[in-house]
K.L.:
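Dropping the structure in here first, questions after.
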Amino acid sequence: MTAISPSALASEPAYTLPYIAERVGAHFANVLYFDLGRYVIAAGAMTILLLVFRGWAKARRIQTRSASRKDYTREVLSSLRTVIVFGVTTLATLIGREMGVINLNIDSAPLLTVAWQFALIVVLHDAYFYWIHRAMHTKRLFNATHLHHHKSRTPTPWTSYSFSSWEAAAEAAFVPLFLLLTSTLGLAYAGFAMFLFLWHMIIRNVMAHTGHEIFPAGWVDNPLTSWISTTTHHDLHHSSGHNYGFYFTWWDKWMGTEHPRYAEEFRKNAKPLRLPSFGPRAAERISVFLAVLLAAAVTVNALFFPAQSALV
């Protein structure tokens, strides 16, 4: 099929079949590119970090059981399916914006606006995640929606997108529903706030499934940080239930679903940090890791603009 040129597309009346096909195709490709890029960069960077600092990681390993090659294969393949489901589900955002019922402002916004809008979406997403997570653990829904994710009894960074199709659709539904609500209330959401949220979400997702406690010792004992969930918090969910929250421990505390030994287990896993002495081999590993981070940063910059263009 011959691609429609920009000039021809511009001459097409809104909502004709060629116009819709071109818009949907461009959006779907960019969503796949952006979501797959986020997943590979975040999970890949964490994997490299654990390899480079393997001594530190070994001391902070949460479970004695190790994930098998079969586990990794299942997680990566199902994550590719999740990316496709995300692409299909988030078409609702484009359709809503085209129809004028979703107001997503791609133009620049004041820093204060970006900050409070980012905070708002994170807090509401945490509540949304807690309650759909608990719903998927009910007898009627668990096998069809959440069982696949719990096949990863020992989480790895690659578990972060390992969902069934139904769970992936439920996770992806939050953004269009949230934007529909804010738009109905007359709020034009800042595109950069949404961009930060999407990256914050995958980074925290990977951190929760790392399998090694990466938060510093004393985290659960400091009132300034104890309300932010740790790797141990979610790892306990995979190994023994409880702990349905995502970013924060609020809902688990309020609803009585936090693991009774969460703080105790965290203290056991979070060994105090000690500065290592860097030999030539360690320095080489660190330089490789920094090079990967630089490459990831460049990729993120490239990803942002295609992700924006899908909504313009």
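Source: prediction; values computed, not measured.
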K.L.:
Taking atom types as modelled, is there a side-chain donor on Gln63 or Ser239 under 3.5 Å from an acceptor on the other?
P.N.:
no
K.L.:
Does the side chain of Ser164 pick up a donor-acceptor pair with the side chain of Arg81 at under 3.5 Å?
P.N.:
no
K.L.:
Measuring from Leu111:CG to Trp116:CH2, what's the distance to the nearest 0.5 Å?
P.N.:
13.5 Å
K.L.:
Kindly say whether the aromatic ring centers of Tyr247 and His200 come within a distance under 6.0 Å.
P.N.:
yes
K.L.:
Which of these passes side-chain contact (heavy atoms from CB on, under 4.5 Å) with Val175: Phe197, Tyr189, Phe86?
P.N.:
Phe197
K.L.:
Have Arg204 and Ser229 got a donor and an acceptor in their side chains that come within less than 3.5 Å?
P.N.:
yes
K.L.:
When the ring centroid of Phe266 is compared with that of His233, is the distance short of 6.0 Å?
P.N.:
no
K.L.:
Looking only at the aromatic ring of each residue, does the gap between the centers of Trp251 and Phe129 stay below 6.0 angstrom?
P.N.:
no
K.L.:
Have His237 and His242 got a donor and an acceptor in their side chains that come within less than 3.5 Å?
P.N.:
no
K.L.:
Ignoring hydrogens and geometry beyond distance, is a side-chain donor-acceptor pair present between Thr145 and Glu167 at under 3.5 Å?
P.N.:
no
K.L.:
Is the gap between the ring centers of His238 and His150 under 6.0 Å?
P.N.:
yes
K.L.:
Charged N to carboxylate O below 4.0 Å: is that the case for Arg153 and Asp71?
P.N.:
no
K.L.:
Are Arg134 and Tyr244 in a cation-pi setup, meaning NZ or CZ lies under 6.0 angstrom from the ring centre and within 45 degrees of the ring axis?
P.N.:
yes
K.L.:
Under 3.5 Å, is there a donor-acceptor pair linking the side chains of Tyr262 and Thr230?
P.N.:
yes
K.L.:
Are the side chain of Asn269 and the backbone N or O of Glu213 linked by a donor-acceptor pair below 3.5 Å?
P.N.:
no
K.L.:
Could you state the interatomic distance from OG1 (Thr232) to CD1 (Ile62), rounded to the nearest 0.5 Å?
P.N.:
4.0 Å
K.L.:
Whether the His133 and His149 side chains hold a donor-acceptor pair (N or O, under 3.5 Å, no angle test) is what I'd like checked.
P.N.:
no
